[in-house]
**Student:** 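For reference, the structure I am asking about is given below.
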Amino acid sequence: KELLISNKFEWCCEILSKKKHPYVFSFQPPWNPDPKDEIESGSSTFFAFGSTVDWENWIIRYPLDANVTIETPQRPTNLKSKAIVGKRTLMVVRVVAKDSSMSTPAGTLSDEWFGTLGKDRVNMKSQFKACSYGKLTFDAVPDRPSVGLKDGVMTVRLNKDVRGNEPYTVQNWVRAELFRRLGSSYLKYDHLAFCMPPGMGLWLAYGYVPGTLTVYNDEWCGRVSAQMHEVGHNLGFDHSGTVRGEYDDTSGMMGYSWRNSDTRMCFNAPKSWSLGWYNDRHAVIDPLKTGWTGNIVGITDYRRSNGWRVLLKIVGADKDIFVSFNRVSSFNMDTKMGRNQVLITKVQAGRDGRSISNQVRQLSINQSFTENGFRGRRLVIKVLSINVKASPPLAKVCISVKSDCSSARPQATPKPTQSPTPAPTTPKPSAFYLNFCSSPLSLSVMGGTHGKNSKGIMFDLFTKDETSVGKAGILVTGFVLRVFQKHKVKGRVWTKSGTHVGYEARKGMWDRNGHFVIQGSANDETQTLLLDSPLYLPPSTVHAIYFEQLGGHRIVPRDLETRGGTGDADISTEHIGIHVGTALRGSILMRDMGFRGKVNYHVCDSLPSSIPSYIPSKVPSVAPSESLVPTANPSTLPTVMPSRSHSPTQFVNPSRNPTNLPTLKQTKIPTNLPTLKPTKIPTKKPIAVPCTNERLFRFVDNGGTRRRSCWGLPLSYCNKWDENGRLMKNHCRNRCGFCNSKWNCADATSFYYHNIQKPW
C-alpha cells in the first residue's frame, strides 16, 4: 500500500474469506524484505511459523524471532510487453460514515471521472483517451438503480466511525458493504475507486500494482493527476523520479500529484513505451552497432509525425536510456519539468519500462548528455536543434559512441505524407495569465544592513485587501535573491499557506516549488528565479516562502533587529508586502532577519477556471535532507505472514504490487512439518531496523490519558520514555533522525508490550 504523504511502501497481504472475498491485512510488527529476495506481488508467498491472523483488526501478527522465508515462482524471460489498450470499466465508490462524509457529491464525482455532466472537460476518462489517442478508454459501469449505482458512482454508507482508523481498515469495511449489497458481481469490474471521507490521517491516495483498486482521501478523488497516477499503478507502473527523489520526474503523471483538478499531462518516455500507444513510432538504437541522427516529435504530434520518431530507446548497457521530446501543447500542456526540451530517462536494463525510472537530464539546443560508462565507451546524446514553430514541432538529436556529434548531419527523413499543416499557436508557459493580469510588477528590497551569511531565509508574503488588489488577487511568478559576492549558489524554493513561524522544522507542511542556481555579483546585478508553479495569493492572505541553499552559507539576509521582530511588517507596495523573517545558519534559527531581493508579481482582475493552478499537493513532499524543512524519506513497511494454520498467504504490495487477485492457487501445507526450530537473531550483532516510524506506536503519558503518534510529538521527546517504558526515538526513527545508528538505545528492560519483550 502506498501512502503518498510519506512516500512509503507498505507490504500487505490479501487474504480470501470463506466466501472468496478479498480483504487486506497489514503486519505487526512491520516486516522489511531482504533486498536480495525476489518478491512479486500476487505471486510470492510468505512463510513464518507461529503467525496468527486477527480478522477483527485486519492484522497478521508473527513472532519476532520467526525464520521468514519467501517463495516466488520463476518468471518467464524474454516476454514481449503487450500494449495496454482496449475498453475498461470503472466504478467509483463514495463513502459516507457516521462521523465523516466524502465532501464531493456523487454527480460531481461522476463528472470528474467520466465527464458525465459536461462541466469538467478534463477528467480521468478524457485524459486517458487523449493521451492514448482513443486506444485505452475507461467507461462508467452500467447503472443499477436498485442499489443507487448511477453514472459510474455508488454511495456506500457505513454504520461506523472512521476518524482515527487506518485507511486499509475502512477499505475492508467498504468491501464488506459492497459484498452485502452487490454480492461478488462487483468483482467483475476492471477497476474500483474508493473515495474516502476525511479524518484518517494526512495521506493523499494509494493504489495496487498491478491491480484493480485505488483509494483516495476525500477531495483527491477528483484530481486528475491523482486519478491517473493511481490507476497507472493498477496498470503496473512504478514511480517516475530523478536523482533528487522517487517522485521528482514531473514531466508525467507517475511523479507528484497536483491540487489542480484539470492537469493535462501524460506519462514519461519509459511508461509511454510500455503502454504501446505510439509503438509504430518507436526506435531501438544500439550505438555500439550504429549511431543515430534524426528528428523526434512530441506525443501530442504523434498523428502528424510524418514518419519521424516519437520515442527512442538506447540499449546495450546495464541501463536502458529513453529519449523523448517533451512538447508542451494540447493534452500535455501542464507538464512541469523539461518543457519543450529533450528528456533523458534511465531504467534498469532487462526490466519493463513500467519499473522505477530516473530522469537524468533535460536538454536544450546544443546541450548534450554524456554516459562515460556505456560498456567501456563514451556515449553522447546531443540536441542539435529544437524548432517549436515547425509543423510539426521537432527536435533534432544525435546519438553516438564514436564522436561528440559536433559534425553530425541529420539522416534522410521521409517526405511528408500530406501537405504541411499550419503550426499550432501554443502559448508560452506564462501566457495563460497575461490576458487576465497586469503587466509585471515587483517589490524590491536590495539594501539595508547585512546579516550573517546564511543557508536559507524564510519570510511571509502578505497581500492587501480587495480595494487594492481586486477580487482575483496576486500572481507571484518569481524572485530575485541576493547572494554573497560572486559565489554560485544552488538551492530550492519551498512555499506554504500561512506564516512560516512555528513551522521552521515541521515536516510535511511545505511544498517544493522550484530550484535555482544563482551566480552572485559584487554590484547587485540581478538574476530572475522563476517558480515551477506561479503562486496565486488571494486578497488579505499570508503565504510563507523559504529559500534553501544546498550546502554552504551564501544567502545574505537583512539584519532588522533594530526595526522589528520576526512577523512584523517589513516593506510593502500598494498590493503586496513582506514580514520580517527568519534566517537559517546550520541548525540555528536567526530571528529578525529580512529577505534581500525582489518579488515579481502580477495583479489579476480574474483567473479563468481552466488555468492550471500548478500548486503541488502537500503530499507527498520530499524536503531536503540537510535542512529543517521536511524530508519524507521512502520507507518500506510490512509484508506478509501466514496464518496460524501455516497456510501460505499471497503478497500484495499496493502501489508496488497488485490488487488483481493472485492467479496462483495456494499450495497445501505438507503433512510432515520440519522439526527444526527457527534460528534466533544473533545477540552480538545489531538488528537491522528500518528507517521508519512505527505506524501503530502511541506515546502514552499524562497518566495514560494522552496517546500521541510519532508526528504528534515534539522533537524534544525523542530522548524520553513514555509511561510504558518505551523510548520515543526507538519507535519514531524517521521523526527523530535515529536511522543510521548501529545500536538502539534501551527501552525499560522490565517492559513487555502485548506480552512480547522488545528485541532491543
Side-chain angles (χ1 to χ4, degrees), residues 1-17 21-33 39 41-42 44-48 50-64 66 68 70 160 162-176 194 196 199-209 211 213-217 230 233 634-644 647-659 661-662 689-698 707 709-711 731-734 753-754 756:
K1 181 172 65 174
E2 174 197 17
L3 301 182
L4 296 186
I5 177 68
S6 58
N7 287 349
K8 69 183 180 182
F9 295 111
E10 180 175 332
W11 287 93
C12 300
C13 171
E14 188 172 82
I15 301 179
L16 299 180
S17 66
H21 199 64
Y23 293 95
V24 172
F25 288 71
S26 68
F27 291 89
Q28 182 64 27
W31 178 81
N32 293 290
I39 300 179
S41 177
S44 297
T45 307
F46 178 97
F47 295 87
S51 299
T52 60
V53 178
D54 182 348
W55 282 87
E56 181 178 352
N57 298 305
W58 316 103
I59 294 174
I60 296 176
R61 294 187 171 88
Y62 70 100
L64 290 169
V68 176
I70 304 294
K160 297 175 181 287
V162 299
R163 292 187 180 275
N165 281 288
E166 294 293 332
Y168 77 86
T169 300
V170 181
Q171 170 190 318
N172 287 333
W173 293 344
V174 175
R175 275 197 178 273
F194 289 178
M196 296 294 196
M200 291 177 283
L202 299 176
W203 55 282
L204 187 159
Y206 59 87
Y208 293 82
V209 183
L213 177 64
T214 57
V215 184
Y216 306 85
N217 191 355
E230 302 308 335
H233 284 318
S635 53
T636 307
L637 292 183
T639 345
V640 184
M641 321 300 155
S643 67
R644 180 171 286 171
S647 60
T649 49
Q650 301 292 342
F651 268 128
V652 177
N653 171 12
S655 181
R656 197 171 271 241
N657 294 292
T659 37
L661 297 181
V689 180
C691 185
T692 60
N693 299 316
E694 292 184 14
R695 182 166 51 84
L696 299 181
F697 172 77
R698 296 296 183 269
R707 301 169 59 87
S709 66
C710 292
W711 289 115
H731 306 270
C732 305
R733 293 175 288 277
N734 183 279
Y753 185 56
H754 286 259
I756 300 175

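The first residue of the sequence shown is numbered 1, and numbering continues consecutively from there.
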**Student:** How about V215 and W203: do any of their side-chain heavy atoms sit closer than 4.5 Å?
**Tutor:** yes
**Student:** Determine, using ring centers only, whether Y168 and W58 are less than 6.0 Å apart.
**Tutor:** no
**Student:** Are any non-hydrogen side-chain atoms of P29 and Y62 less than 4.5 angstrom apart?
**Tutor:** yes
**Student:** Is there a side-chain contact between V162 and V170 in this structure, where contact means two heavy atoms from C-beta onward sitting under 4.5 Å apart?
**Tutor:** yes
**Student:** Within this structure, what is the CE-CG distance for the pair M200 and N217, rounded to the nearest 0.5 Å?
**Tutor:** 6.0 Å
**Student:** I'd like to check the side chain to side chain contact (heavy atoms under 4.5 Å, CB included) partners of D54; sequence neighbours left out, ordered by chain and number.
**Tutor:** E56, N57, I59, R61
**Student:** Do the side chains of C732 and E694 get nearer than 4.5 Å, heavy atoms only?
**Tutor:** no
**Student:** Within a strict 4.5 Å, meaning less than it, do heavy atoms of the L213 and R175 side chains meet?
**Tutor:** yes
**Student:** Taking the side chain as C-beta and beyond, is there a heavy-atom pair between V24 and C13 under 4.5 Å?
**Tutor:** no
**Student:** Taking the side chain as every heavy atom from C-beta outward, state whether Q171 and M196 have any atom pair closer than 4.5 Å.
**Tutor:** yes
**Student:** Which atom names give the shortest non-hydrogen contact between H731 and C710, and what distance separates them?
**Tutor:** O-SG, 3.7 Å
**Student:** Has N172 got a side-chain atom pairing as donor or acceptor with Y23's backbone, closer than 3.5 angstrom?
**Tutor:** no
**Student:** Hey, mind stepping through Y208 and T214 against side chain to side chain contact (heavy atoms under 4.5 Å, CB included) and telling me if it holds?
**Tutor:** CA-CA 7 Å; Y208 293 82; T214 57; over 6 Å; no
**Student:** Only counting residues at least two apart or in another chain, list the ones meeting ring pair (Phe, Tyr, Trp, His ring centres under 6.0 Å) with Y216.
**Tutor:** W113
**Student:** Measure the spacing between OG of S26 and CD1 of I60 and express it to the nearest 0.5 Å.
**Tutor:** 8.0 Å
